[in-house]
Structures are given as structure tokens and as C-alpha cells.
K.L.:
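Have a look at this one before I ask anything.
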Amino acid sequence: MTGIRLTAPAPGWAIDADVVVVGSGVAGLTTALRCAAAGLDTVVVTKARLDDGSTRWAQGGIAAALGEGDTPEQHLDDTLVAGAGLCDEEAVRVLVTEGPDAVRRLITTGATFDTTDSGDIALTREGGHHRRRIAHAGGDATGAEISRALVEAVRSAALHTIENALVLDLLTDAEGRTAGVSLHVMGEGQHDGVGAVRAPSVVLATGGMGQVFSATTNPSVSTGDGVALALRAGAEVSDLEFVQFHPTVLFLGADSEGQQPLVSEAVRGEGAHLVDAAGTRFMLGQHELAELAPRDIVAKAITRQMHEHGTEHMYLDARHFGARMWEQRFPTILAACRAHGIDPVTEPIPVAPAAHYASGGIRTDLRGRTTVPGLYACGEVACTGVHGANRLASNSLLEGLVFAERIAADIAGTRPPRTEPAEAAGEGADDPVALLAPEARTAIQRTMTRGAGVLRSAASLATAAEELEALHRSAAADADAADPKDAVPGVDAWEVTNLLLVSRVLVAAAREREETRGCHWREDRPDRDDEHWRRHLVVRIAPDRTPVVDRTETAAFPPVRPAD
């Protein structure tokens, strides 16, 4: 344990449970439902409303070997290729073999997928897949349908939920084992202010950290809170340098910031073409799958074209779909484009890459256990080894589903006893973090976009590291001053402080990895170097709050605990 905590008031209220699940996407709600079904007293904590997480924004679908002629082995092969040599094959095998039945159980939970005329699940293709294996719902509203079904199931089961609550820090007992979390309810939940949920098992399913960049497909709540909490608690994170930039995000202007509309890869899966301003397809000859190459390859190709042409975007041309196909297959994307003055039925869509998905995260084993006893991680916040250096399209929802079931089974099988937290998190904590002022958020995002975006170099990363450390030092110096002007504890200050910690760790890992692999693109190190870099980078925070980066000796992850 590091003893490092956010500066916050001491908890003013507490409730007890067997399990607290943080997050309400597919990973969090599936875990909660399975734990509750096993008889565990389960509490769900979520930062906004139950249906406001990243899952609802997933357009394309969920990948699984459900179609005739498809097999888990073929799904495994496509995943390993996309992961560029860093996938954990055992984790991928778990994903692809348990995935089809997990999807079927999701259907019995209430999720309705699009079907063919014969009643079979309709399947499409996306980048990196050699088979049609992407199940979708509502055309391009798969995440929204999955979220709806799971939220309804949670409410029907009368699970205890705490909405509009930002989780602050992990509580631990005298032995250093998990004993719950501290959290702040933002005035609309069951409790107001800072409190605690005391539980021997904590599952982090907090989603991504796309808000560390200026432009992202992630919702505003995706500020890396789970990764930051885990780092302060002493957990290890891995592969954080591998941030996937989605190739086709609706371009709204060079100065656009915050959440940007996604143009699903499924549009390319149905036959849309990437073209330049002259209408020339540029993916032909670059990869055997052309527009359906893995996302890192497509994002790099678009970026190169932008540099060569001196433009800020390329185009996605799907005019040949016709109005009927657009309206039936991609109604959400059609509406988003038209809302911004683009009609894809009659004109190409301007697109550019934007931050989309964290392939790395809190390091776990195949049961979702982290390096901190009693702390689990699932979904985008976790690093199970499934994604390697680049996530295969539509494997994210499946990963959340499969590993949520495994986590619930592990907790139900062990049923650890409840213990008392050794101390309450809050202002009396042994090593509170100096908070940043909320206005530092924009500075962090612009620093990360310039220095650690799609295209990176030693120089850009060094500048980013220097700017981030200056913010860190400034906050610490102000907190130690005789007349401190540090930020007042509150949601905005806590979020930006989390963003800074996650950014510092991401940049530290990206500086260390001196090669190009998957979605980590170093212009000064353009080649993949398997001899030296087919390794994982594992990062933890030292007691002095500096990131410590270790390289594994092989491409395999070390056990999460010595006894494993």
C-alpha cells in the first residue's frame, strides 16, 4: 500500500456489503447481477446515472463466434494478430471460448439483437475480423440495447445502487486487504457528501480514460478514476501506452474538444470506403483487408494521408448505401451526422482519428484479481492481456461480459469475511494528494494531445512529461505553502487530479517503449522490435508519487501475487 489518498473530507456515513461494484456498464452490471444471484449483498456505485457509462455509446456490436463456419479458434487468431504480439494467449482463449455462451446468457437477461429473416442473429464484419461475427442491435445502437437490458435487470432484482457518486479511494484493513471504498455523492443520490461502502470485495468497472485527450469518443465521465484509485492503492497497471485512436470519428473542426461522435467501424464493415478529397481510396494495397485492417493500421494510414495532403481530415464515403440502408442499419450515425450538417446519403463524411479505447489498465489475472488482495478490475479499466497492443474491434463488450462472470464466480467461491477499515479515508489520511484546480483540465488534455496522441516521439513525450510534472510540482508546492491556494476538494478537482496521475503514468510508459507496436506509434522509432520490446511495461506509483516502470522479462505477464 502506498498510503496515498485524495484530499477529501472524512466519510460522514457508511453502509456495509459483501461486494461493491464501481461502474454501470456491461462489466459492472454483469458482475453485480451474478454476485447478487449468488446471494452476495451487492452495492453498485456509478458516477452518473446507471445508463450513462461507456457501454451505451458502443455502436458496432459484440464479437463472438456465433455464425455458421466460424470457430473460437478463428476468433482467437484474429485477436492475436490485432494485438501485435502482446496478447496473453490464455486470456484470449478464455474470451473466445466462453464468449458465445456469455452472449446467449446476455440474451436471456433481456438483450435483443438484430436478426435475419430466418430468425438467426444478424452478423456483420469489422476491422481485423476475417468472418462476419459481430452481433448488433438497433442497427448501430448495440451498447444502448445492452445497457437497457442490464439496467432493467438490476432494477428488477432491486439491487442497492448509488448513482451520481464519484469513488475516491480504496479502504483497507489492518492486513492491507480491501475493506471497501470512500465515495462522494453529488447531491442526487441516496446519501450526500463523502461516505463509505465497506465491503471485502471491490470490483472496479469504471471504464476508460479518454478524457485525458482533448478529443475523444468517451463520455465526460471517463476521467481514469479507476486506474488512478488503483495506483494510489498500490496496484500495478500495464500497457497503458497502448491507447487506441478510433480511425473514423466525425470531424467537427480542429478546435473541437470533449466527446466527439463516433462513426462505427461497422460502416466500413458494410462496404464504406476511405477516400481523400479527390475521392481516391487510399487503403487499397496497404493491407489485405483494406478499410477493414486493424484499427491501428487504418488510423496510421489516415494520419499519413492528412500529413501528406496538409489537411485535418479524410473522408468516409458510403453514398452507395442509399437512404434506406442508412436509415435502417445506421440510424444513430445518420442522425448524428445530420445534426452536424453532414448528410452521408449524399456526401462523404469528414473523419479523423480520436482517442477511443485504453487497451491497457489495471493488471489482473484470469479471475479479474489485481495485485491488491480483494480488489478486482473488469472491462476497459482492466488489463487482462486480451487486447495486447491493439484491441480487435468489438472485443471490448465481450471482454466485459466474460470476465465479469469470472469475477463473480471467484468472489462467490471465496466469500471473504467483512473486516473493519484500518482508517477512514479523508483529511486525516497519512499522505493526502494535493489537488489541482479544475481549470488545469484543459492544460492536461492539450499537453497529452500534442505530446502523446496518435503520433509520438522522444521529443514530444519529453515535453509532455515536463509539462505534466510542472503541474504536479506546482500543486504540491502550493499545498505546502504557508498560505496555500490549493483547490477545494470537490468533483472537478478530484477528476482533474485523477487525469494528471493517469497522464503521468501513460507518458512514462510511452517514453520507455522505444518502438512502434500496435496503437503506440513512435515516429522516431518506426519499426517493431520483438527482440527487445515484445515485453509488457508494468507501472506502479512509488511512495514519493513518481511512476516506476518495469519491463517484463518475456511476453508473459508475471503472476498478480507471489502465491499464484
K.L.:
So, for Trp326 and Val345, which heavy atoms are closest and what is the spacing to 0.1 Å?
P.N.:
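Scanning both residues completely, I find the closest heavy atoms to be CD1-CG2, 3.8 Å.
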K.L.:
Does the distance from a Lys or Arg side-chain N to an Asp or Glu carboxylate O, for Arg56 and Asp52, drop under 4.0 Å?
P.N.:
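Yes, this pair counts.
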K.L.:
Counting N and O atoms only, with roles assigned by atom type, does the side chain of Glu347 sit under 3.5 Å from a partner on the main chain of Asp343, one being a donor and the other an acceptor?
P.N.:
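Yes; judged by distance alone, with no hydrogens or angles, the pair exists.
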K.L.:
Looking only at side chains, do Thr516 and Arg528 share a donor and an acceptor under 3.5 Å apart?
P.N.:
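There is no such pair between these side chains.
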K.L.:
Check Val202, Val20, Thr370 against Thr178 for a side-chain contact (heavy atoms from CB on, under 4.5 Å) and give me the one that passes.
P.N.:
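So the option named by the test is Val202.
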K.L.:
Whether the side chain of Ser359 engages the backbone of Gly388 through a donor-acceptor N/O pair (distance < 3.5 Å, no angle test) should be reported.
P.N.:
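Looks like no, no N/O pair under 3.5 Å.
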K.L.:
Evaluate the side-chain proximity of Phe330 to Val263: yes if any heavy-atom separation is below 4.5 Å, no if none is.
P.N.:
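In short, these two side chains do not touch, never coming nearer than 4.5 Å.
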K.L.:
Is there a side-chain contact between Thr217 and His356 in this structure, where contact means two heavy atoms from C-beta onward sitting under 4.5 Å apart?
P.N.:
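Counting from C-beta outward, Thr217 and His356 do come under 4.5 Å.
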K.L.:
Counting N and O atoms only, with roles assigned by atom type, does the side chain of Arg517 sit under 3.5 Å from a partner on the main chain of Ala84, one being a donor and the other an acceptor?
P.N.:
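Yes; judged by distance alone, with no hydrogens or angles, the pair exists.
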K.L.:
Would you please test Arg406 and Asp410 for salt bridge (charged side-chain N to carboxylate O under 4.0 Å, His left out) and show each step?
P.N.:
CA-CA 6 Å; Arg406 289 183 144 247; Asp410 191 70; over 6 Å; no
K.L.:
Please lay out, stage by stage, how His129 and Asp78 fare under the test side chain to side chain donor-acceptor pair (under 3.5 Å).
P.N.:
CA-CA 6 Å; His129 292 272; Asp78 285 345; 4.5 Å; no
K.L.:
In this structure, are over 12 heavy atoms from other groups packed under 6.0 Å from Arg534 atom CZ?
P.N.:
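No - once you tally the heavy atoms of other residues, nucleotides and ligands closer than 6.0 Å, there are 12 at most.
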K.L.:
Does Arg148 reach the main-chain N or O of Gly143 with its side chain, forming a donor-acceptor pair under 3.5 Å?
P.N.:
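Between the backbone of Gly143 and the side chain of Arg148 there is no qualifying donor-acceptor contact (under 3.5 Å).
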K.L.:
I would like to know whether Glu291 and Arg281 meet salt bridge (charged side-chain N to carboxylate O under 4.0 Å, His left out); could you show each step before the answer?
P.N.:
CA-CA 9 Å; Glu291 280 89 355; Arg281 290 178 67 182; 2.7 Å; yes
K.L.:
Judged by atom type as modelled, is there a donor-acceptor pair below 3.5 Å linking the side chain of Thr371 to the main-chain atoms of Glu236?
P.N.:
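The answer is yes, because a donor-acceptor pair under 3.5 Å joins these two groups.
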K.L.:
Determine, stepwise, if the pair Asp101 / Arg104 fulfils salt bridge (charged side-chain N to carboxylate O under 4.0 Å, His left out).
P.N.:
CA-CA 5 Å; Asp101 283 344; Arg104 295 183 184 104; 2.7 Å; yes
K.L.:
What verdict does the side-chain contact (heavy atoms from CB on, under 4.5 Å) test give for Leu123 and Ile134, after you've listed the backbone C-alpha separation in whole Å, the side-chain angles of each residue and the deciding distance to 0.1 Å?
P.N.:
CA-CA 5 Å; Leu123 301 172; Ile134 315 301; 6.0 Å; no
K.L.:
Would you call Glu265 and Arg295 a salt bridge, using N to O less than 4.0 angstrom?
P.N.:
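Answer for the salt bridge query: yes.
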K.L.:
Kindly determine whether Asp317 and His273 satisfy side chain to side chain donor-acceptor pair (under 3.5 Å), including the steps that lead there.
P.N.:
CA-CA 5 Å; Asp317 191 353; His273 302 145; over 6 Å; no
K.L.:
Using only atom types and a distance under 3.5 Å, with no angle test, would you say the side chain of Glu380 pairs donor to acceptor with the backbone of Ala358?
P.N.:
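Yes, because the side chain of Glu380 sits within donor-acceptor range (under 3.5 Å) of the backbone of Ala358.
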K.L.:
Taking all heavy atoms of His320 and all of Ala272, pick out the closest pair and write down the distance.
P.N.:
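Closest approach of His320 to Ala272, heavy atoms only: CE1-CA, 4.2 Å.
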K.L.:
Tell me if the CD atom of Glu98 is crowded by more than 12 foreign heavy atoms within 6.0 Å.
P.N.:
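Result for CD/Glu98: enclosed.
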K.L.:
Any side-chain heavy atom of Glu270 within less than 4.5 Å of one from Arg125?
P.N.:
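They are not in contact (no side-chain heavy atoms under 4.5 Å apart), so the answer is no.
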K.L.:
Would a 4.5 Å heavy-atom cut-off, applied to side chains only, mark Phe557 and Thr384 as touching?
P.N.:
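When only atoms from C-beta onward are counted, Thr384 and Phe557 do not touch, as no gap falls below 4.5 Å.
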K.L.:
When you compare the side chain of Leu274 with that of Thr248, does any pair of heavy atoms fall below 4.5 Å?
P.N.:
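Yes, their side chains come closer than 4.5 Å.
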K.L.:
State plainly whether the residues Glu495 and Lys47 are in salt-bridge range, i.e. N to O under 4.0 Å.
P.N.:
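Salt bridge flag = yes for Lys47 with Glu495.
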K.L.:
Return yes if some donor-acceptor pair links the side-chain N/O of Gln211 with the main-chain N/O of Pro219 below 3.5 Å, else return no.
P.N.:
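At least one qualifying donor-acceptor pair exists.
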K.L.:
Output yes when Arg329 and Asp114 qualify as a salt bridge under the 4.0 Å nitrogen-oxygen rule, no when they do not.
P.N.:
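So Arg329 does not pair with Asp114 through a salt bridge.
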K.L.:
Verify whether one side chain among Arg133 and His75 offers a donor that lies under 3.5 Å from an acceptor in the other.
P.N.:
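No donor-acceptor contact under 3.5 Å links the two side chains.
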K.L.:
What residues, two or more places apart in sequence or in another chain, satisfy side chain to side chain contact (heavy atoms under 4.5 Å, CB included) together with His287?
P.N.:
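Here the qualifying residues are Leu289, Ala293, Pro294, Ile297.
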K.L.:
Given Leu398, which of Val386, Leu95, Thr79 fulfils the side-chain contact (heavy atoms from CB on, under 4.5 Å) condition?
P.N.:
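Checked Val386, Leu95, Thr79 against Leu398; only one passes side-chain contact (heavy atoms from CB on, under 4.5 Å): Leu95.
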K.L.:
For the pair Arg456 and Glu241, find out whether any cationic side-chain nitrogen is under 4.0 Å from an anionic carboxylate oxygen.
P.N.:
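Not counted as a salt bridge, because no side-chain N and carboxylate O are separated by less than 4.0 Å.
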K.L.:
Run the numbers on Thr216 and Gln260 for side chain to side chain donor-acceptor pair (under 3.5 Å), then give the verdict.
P.N.:
CA-CA 6 Å; Thr216 177; Gln260 310 289 301; over 6 Å; no
K.L.:
Output, in order, the C-alpha distance, side-chain angles, deciding distance and verdict of ring pair (Phe, Tyr, Trp, His ring centres under 6.0 Å) for Tyr357 and Phe245.
P.N.:
CA-CA 7 Å; Tyr357 190 88; Phe245 285 76; over 10 Å; no
K.L.:
Any idea which heavy atoms bring Ala91 and Asp88 closest together, and the distance?
P.N.:
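The answer is N-OD1, 2.8 Å.
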K.L.:
Could you check Val351 against Phe251 for side-chain contact (heavy atoms from CB on, under 4.5 Å), going step by step and ending with a plain yes or no?
P.N.:
CA-CA 5 Å; Val351 293; Phe251 181 75; 5.8 Å; no
K.L.:
Do side-chain atoms of Thr71 reach the backbone of Gln74 as a donor and acceptor pair under 3.5 angstrom?
P.N.:
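It does hold such a pair.
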K.L.:
Check step by step if side chain to side chain donor-acceptor pair (under 3.5 Å) holds for Asp296 and Gln244.
P.N.:
CA-CA 7 Å; Asp296 63 310; Gln244 186 178 86; over 6 Å; no
K.L.:
Side chains of Leu397 and Thr55: does their closest heavy-atom pair fall under 4.5 Å?
P.N.:
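A side-chain contact under 4.5 Å exists here.
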K.L.:
Is it true that the side chains of Thr332 and Asp140 contain a donor and an acceptor less than 3.5 Å apart?
P.N.:
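Asp140 and Thr332 do have a side-chain donor-acceptor pair below 3.5 Å.
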K.L.:
Counting N and O atoms only, with roles assigned by atom type, does the side chain of Arg155 sit under 3.5 Å from a partner on the main chain of Glu152, one being a donor and the other an acceptor?
P.N.:
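The answer is no, because no donor-acceptor pair under 3.5 Å joins these two groups.
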K.L.:
Determine, stepwise, if the pair Val44 / Ile162 fulfils side-chain contact (heavy atoms from CB on, under 4.5 Å).
P.N.:
CA-CA 6 Å; Val44 177; Ile162 304 175; over 6 Å; no
K.L.:
Is the closest side-chain heavy-atom distance between Leu76 and Arg93 below 4.5 Å?
P.N.:
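In short, these two side chains touch, coming nearer than 4.5 Å.
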K.L.:
Quick check: do Leu252 and His340 have side-chain heavy atoms less than 4.5 Å from each other?
P.N.:
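Side-chain contact under 4.5 Å: yes.
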K.L.:
Give the intermediate values and the outcome of side-chain contact (heavy atoms from CB on, under 4.5 Å) for residues Leu250 and Leu262.
P.N.:
CA-CA 6 Å; Leu250 183 62; Leu262 177 67; over 6 Å; no
K.L.:
With a 4.0 Å cut-off, would you call Glu68 and Arg132 a salt bridge?
P.N.:
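The answer is no: the pair does not qualify as a salt bridge.
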K.L.:
Mark yes or no for whether Ser24, through its side chain, and Asp51, through its backbone, hold a donor-acceptor pair below 3.5 Å.
P.N.:
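Not confirmed, Ser24 side chain does not pair with Asp51 backbone.
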K.L.:
Work out which heavy atom in His520 is nearest to a heavy atom in Ala510; give both atom names and the distance.
P.N.:
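His520 and Ala510 have their closest heavy atoms at CE1-O, 3.5 Å.
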K.L.:
What about His387 and Phe242, are their ring centers closer than 6.0 Å?
P.N.:
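So the answer is no for these two rings.
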K.L.:
Taking distance alone, no hydrogens or angles, what donor-acceptor pairs closer than 3.5 Å link side-chain atoms of residues 26-40 to residues at least two apart or in another chain?
P.N.:
residue	atom	partner	partner atom	Å
Thr30	OG1	Val26	O	2.6
Thr31	OG1	Ala27	O	2.7
Arg34	NH2	Glu405	OE2	3.1

